[in-house]
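Worth saying up front: this structure is predicted, and the values here are computed from it rather than measured.
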Amino acid sequence: MKHGKWHKRQVDQSLPAWRDEFLRYKELKPIVSAVSGLPPSPAEFAAILHAEIEKINAFFIEQEEFFIIRHKELQVAIKEALARKAAVPEAAHEAEIAAIRREIVNFHGEMVLLLNYSSVNYIGLAKILKKYDKRTGAVLRLAVIETVLAQPFFTAEAVTLMVRECEAMMEAVFPTAPGEGQAAARRDREALAAAEQRIFRNTVAALLAMQDVRSGSSTRGRHSLPPLTLPDSEWLRSFQPPSPIPIQ
């Protein structure tokens, strides 16, 4: 698949409010590939890309800060719900835990989508720089990518850590019921996944895209995306749909 089509598909599978925050790959490509006229100078094209990088960074940092707050709120909610278990009717406790489960699934899904946002934008930058260097004979790619490697949207350390901690929270509220075994726990998870299928299925699509992109070849370098090491990713793979459902 051509990168332009892949990039568009990744954008379409993201959340509607995020779509304008991605790298404008479709708009950048004609600037580089114009048959008539010359592409912008290296300084001019670098300025265009730096404006895109600033936009991507600003959006990523905003979402990251929001996720940090939500992460703390969910941790408190789980702790308080488990502490109240003996003092409230069983039905009320189950309803409270069910609500927390929905929050955790959505939260986890949005964070995975943000990590995919990071990957898609990095790959888009690398691709458009490669096209520019090939078209002009310049050597702009390495200089710009070196700058990108230090950007918050690329390192994504806090979000990656929160994804792992969120998966631990999932285990806290998706316990295996005594006497019912793994099958009952799986039915519970599947029921919840069906209720939240729109964001959940797009989360799976994003996760699988990241795994494919980050697995890459056995030869890795400084400019390679780090391998994806999300614990328990098979939990998400088990709900993989035949094809992703675009979020309208």
Novice: Working to the nearest 0.5 Å, report the span between CG of Asn57 and NE2 of His50.
Specialist: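 Here the interatomic distance stands at 11.5 Å.
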Novice: Give me the atom names and distance for the closest heavy-atom approach of Thr155 to Leu149.
Specialist: CG2-O, 3.6 Å
Novice: How far apart are the C-alpha atoms of Glu52 and Lys55, what are their side-chain angles, what is the distance that settles it, and do they pass the salt bridge (Lys or Arg N to Asp or Glu O under 4.0 Å) test?
Specialist: CA-CA 5 Å; Glu52 289 290 300; Lys55 176 191 74 174; 3.3 Å; yes
Novice: Given the rule that I, L, V, M, F, W and Y join up when any side-chain heavy atoms are under 4.5 Å apart, are Phe153 and Ile68 in one cluster?
Specialist: yes
Novice: Who pairs with Lys130 by salt bridge (charged side-chain N to carboxylate O under 4.0 Å, His left out), at least two apart in sequence or on another chain?
Specialist: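 If we apply the salt bridge (charged side-chain N to carboxylate O under 4.0 Å, His left out) test to Lys130, skipping adjacent residues, there are no hits.
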Novice: Per the side-chain contact (heavy atoms from CB on, under 4.5 Å) rule, which among Asp133, Thr136, Ile128 passes with Phe45?
Specialist: Ile128
Novice: Nearest heavy-atom pair of Ala158 and Glu64: which atoms, and what distance?
Specialist: CB-OE2, 3.4 Å
Novice: Listed by chain and number, what are the ring-ring contact (aromatic ring centres under 6.0 Å, His included) partners of Phe59, not counting sequence neighbours?
Specialist: Trp18, Tyr117
Novice: Would a distance-only check, ignoring hydrogens and angles, find a side-chain to backbone donor-acceptor pair under 3.5 Å from Gln151 to Thr147?
Specialist: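 Yes: the side chain of Gln151 pairs with the backbone of Thr147.
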Novice: Taking atom CE of Met111 and atom CZ of Arg70, what is their separation to the nearest 0.5 Å?
Specialist: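 It comes to 8.5 Å.
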Novice: Roughly how far, to the nearest 0.5 Å, is CG of Leu28 from CD1 of Ile48?
Specialist: 7.0 Å
Novice: Pick out which of Leu140, Leu142, Val32 makes a side-chain contact (heavy atoms from CB on, under 4.5 Å) with Leu129.
Specialist: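 Among Leu140, Leu142, Val32, the one that satisfies the side-chain contact (heavy atoms from CB on, under 4.5 Å) with Leu129 is Leu140.
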Novice: Is the closest side-chain heavy-atom distance between His7 and Leu23 below 4.5 Å?
Specialist: yes
Novice: Excluding sequence neighbours, so at least two apart, what forms salt bridge (charged side-chain N to carboxylate O under 4.0 Å, His left out) with Lys8?
Specialist: Asp12
Novice: Would you name the heavy atoms of Arg141 and Ala126 that are closest together and state the gap between them?
Specialist: NE-O, 3.6 Å
Novice: Drop me the distance from Lys5's NZ to Gln10's CD, to the nearest 0.5 angstrom.
Specialist: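 Separation between the atoms: 15.0 Å.
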Novice: Find out if a path of hydrophobic residues (ILVMFWY) with successive side-chain heavy-atom gaps under 4.5 Å connects Leu115 to Phe66.
Specialist: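 Hydrophobic grouping puts Leu115 with Phe66.
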Novice: How far does CD1 of Ile78 sit from CD of Glu103, to the nearest 0.5 angstrom?
Specialist: 10.5 Å
Novice: What are the two closest heavy atoms between Met169 and His71, and how far apart are they?
Specialist: CE-CD2, 3.7 Å
Novice: Take atom CD of Glu27 as the centre, draw a 6.0 Å sphere, and report whether it contains more than 12 heavy atoms from other residues, nucleotides or ligands.
Specialist: yes
Novice: What's the spacing between Glu96 CD and Leu82 CG if we round to 0.5 Å?
Specialist: 8.5 Å
Novice: Which pair of heavy atoms, one from Phe60 and one from Pro152, lies closest together, and at what distance?
Specialist: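 Shortest heavy-atom separation between Phe60 and Pro152 comes out as CE2-O, 3.5 Å.
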Novice: For Pro40, is there any backbone N or O sitting under 3.5 Å from a side-chain donor or acceptor partner on Tyr132?
Specialist: yes
Novice: Do Asn121 side-chain atoms and Phe22 backbone N/O form a donor-acceptor pair below 3.5 Å?
Specialist: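 Checking the backbone N and O of Phe22 against the side chain of Asn121, no donor-acceptor pair under 3.5 Å is found.
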